[in-house]
Amino acid sequence: MARIRTIKPEAFSSESLAAVSITAERTFFGLLTQADDHGRFRDQSAVIAGLLWSLRPEHGPIEVEDDLTQLAGNELICRYEGEDGKRYLHIVTFSKHQKVNRPSGVRHPNCPYHDGGRVPLTSSLAQGGLREASVHHPAPVPELAPIPHAASMIPISAGLDGFSEPSVQHQQEVREPAPSPHGPDLGPRIMDLGSPLGGASAPATPQTATAQQLVAEYAAACVKRPPEKVLGHVGREIGKLLHEGIDPNHIRAGVDRMRLKSLYPSLLPSLVNEAMNPPQATAGARRAPRPYTNPVDAEAAYGGQL
């Protein structure tokens, strides 16, 4: 539900707004009226185009997507993904310029870049008002494996339990290399990290294609190079499909269908699904009825009985 918002006179002399196009600025002002009382809204270019540009059919979802890209590039909005897997946007300076009387409850997930940087309320550190990432609580260093007579050979210092990084391994007691402090500990060294079951014979599956490669193939197959907005939209749809783990060959088949039929890039997921699950003929399909025709010799056709 749209709301009444305030636009200050300084907005028209804002350098950040002056860095984007006129349509992006208009989309930004429109988002102020559509965002909830915390400055958040669903990141759906088609929905935003229908709400803000319904009487301007020449400015559709593709153009609105370009507006959002400009606004995000100039840090006027922040685009993020919520814990529910849906896309949202957050007007960065909303709380600074909008004074909401009796704001409603939380309608959309918090922005992890502006709201999520604070310590959660359930943490004991939240009462101190910290905004930066807190240091890990001191914990004893876990032992990698039991070592015979380790207590008699390695003295334990009083401050050893205050380190959060792995300690240096002695060369005589430990035969495997210690975890590097410059990277995460990837687990037991006897397991092959390329296999989900830890088998030593299962190699890691290489990435066979990227979104940039598939977009380049699409552009090369066209008679003339499509506009940049179209290529950007196709690239975003391909990136989402690759992120789902869909076979690049199925994506190529869907892109070819889209190119041959000159369809909208938003239909690419449906075309890829058509390539993945082609329609099959039903086994018990009824045959089309044949039109009735009068026989030439009615007596011979009906056995002499009419």
Side-chain angles (χ1 to χ4, degrees), residues 1-118 131 227-240 243 264-269:
M1 180 177 178
R3 298 165 177 81
I4 298 176
R5 301 299 187 196
T6 302
I7 299 178
K8 295 183 178 181
E10 293 81 3
F12 299 95
S13 60
S14 170
E15 295 182 358
S16 55
L17 281 175
V20 301
S21 62
I22 296 296
T23 58
E25 184 180 56
R26 186 182 188 275
T27 298
F28 176 78
F29 290 146
L31 287 175
L32 292 176
T33 66
Q34 300 297 327
D36 62 12
D37 293 341
H38 303 277
R40 309 184 192 107
F41 195 64
R42 286 294 307 276
D43 189 354
Q44 295 174 307
S45 56
V47 174
I48 296 174
L51 293 172
L52 305 182
W53 298 89
S54 57
L55 299 181
R56 303 279 186 170
E58 70 278 4
H59 200 82
I62 296 181
E63 289 74 19
V64 170
E65 178 65 29
D66 182 65
D67 294 343
L68 299 177
T69 302
Q70 294 183 50
L71 295 174
N74 288 274
E75 299 182 353
L76 291 166
I77 65 172
C78 180
R79 312 177 77 176
Y80 62 96
E81 181 175 342
E83 296 181 356
D84 54 0
K86 299 179 181 180
R87 300 292 302 174
Y88 298 91
L89 60 84
H90 171 229
I91 302 175
V92 177
T93 59
F94 185 87
S95 60
K96 180 180 179 181
H97 298 290
Q98 301 296 326
K99 303 302 179 183
V100 180
N101 184 23
R102 291 181 297 178
S104 60
V106 177
R107 295 176 178 268
H108 304 300
N110 292 343
C111 174
Y113 305 105
H114 297 86
D115 303 324
R118 303 170 184 172
R131 296 179 180 268
E228 292 298 331
K229 292 184 179 180
V230 175
L231 294 178
H233 196 176
V234 173
R236 287 188 294 272
E237 296 294 338
I238 293 177
K240 295 176 182 178
H243 183 70
Y264 194 63
S266 295
L267 299 177
L268 182 58

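In what follows, every heavy atom counts, from backbone to side chain, and hydrogens, waters and symmetry copies are set aside. Numbers here simply count residues along the sequence, with the first being 1.
The shortest distance between side-chain heavy atoms of Val92 and Tyr113 does not fall below 4.5 Å. Side-chain contact check for Leu32 versus Phe94: some heavy-atom pair is nearer than 4.5 Å. Inter-residue side-chain proximity for Ile48 and Leu89 is flagged as met; some heavy-atom pair is nearer than 4.5 Å. Arg79 has its side chain out of reach of Leu71: every pair of non-hydrogen atoms, C-beta onward, lies at least 4.5 Å apart. Residues Leu51 and Phe41 are in side-chain contact: their nearest non-hydrogen atoms beyond the backbone lie under 4.5 Å apart.
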CA sep, side-chain torsions, deciding dist, call: Asp43, Tyr80, side-chain contact (heavy atoms from CB on, under 4.5 Å): CA-CA 8 Å; Asp43 189 354; Tyr80 62 96; over 6 Å; no
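For Glu63, the salt bridge (Lys or Arg N to Asp or Glu O under 4.0 Å) criterion is met by no residue, not counting sequence neighbours. The salt bridge (Lys or Arg N to Asp or Glu O under 4.0 Å) test applied to Glu228 returns Arg225, not counting sequence neighbours.
Taking a cutoff of 4.0 Å between a charged side-chain nitrogen and a carboxylate oxygen, Asp37 and Arg5 qualify as a salt bridge.
For the 3.5 Å distance criterion, the side chains of Thr23 and Asp67 qualify, holding a donor opposite an acceptor. A side-chain N or O of Asp66 and one of Gln70 form a donor-acceptor pair less than 3.5 Å apart.
Ala49 approaches Pro61 most closely through the heavy-atom pair CB-N, 3.9 Å. Scanning all heavy atoms of the two residues, the minimum distance from Glu237 to Ser266 falls at OE2-CA, 4.2 Å.
Here His233 and Tyr264 bring their ring centres to under 6.0 angstrom of each other.
Geometrically, Arg42 engages Tyr88 in a cation-pi contact, judged by NZ or CZ lying under 6.0 Å from the ring centre and within 45° of the ring axis.
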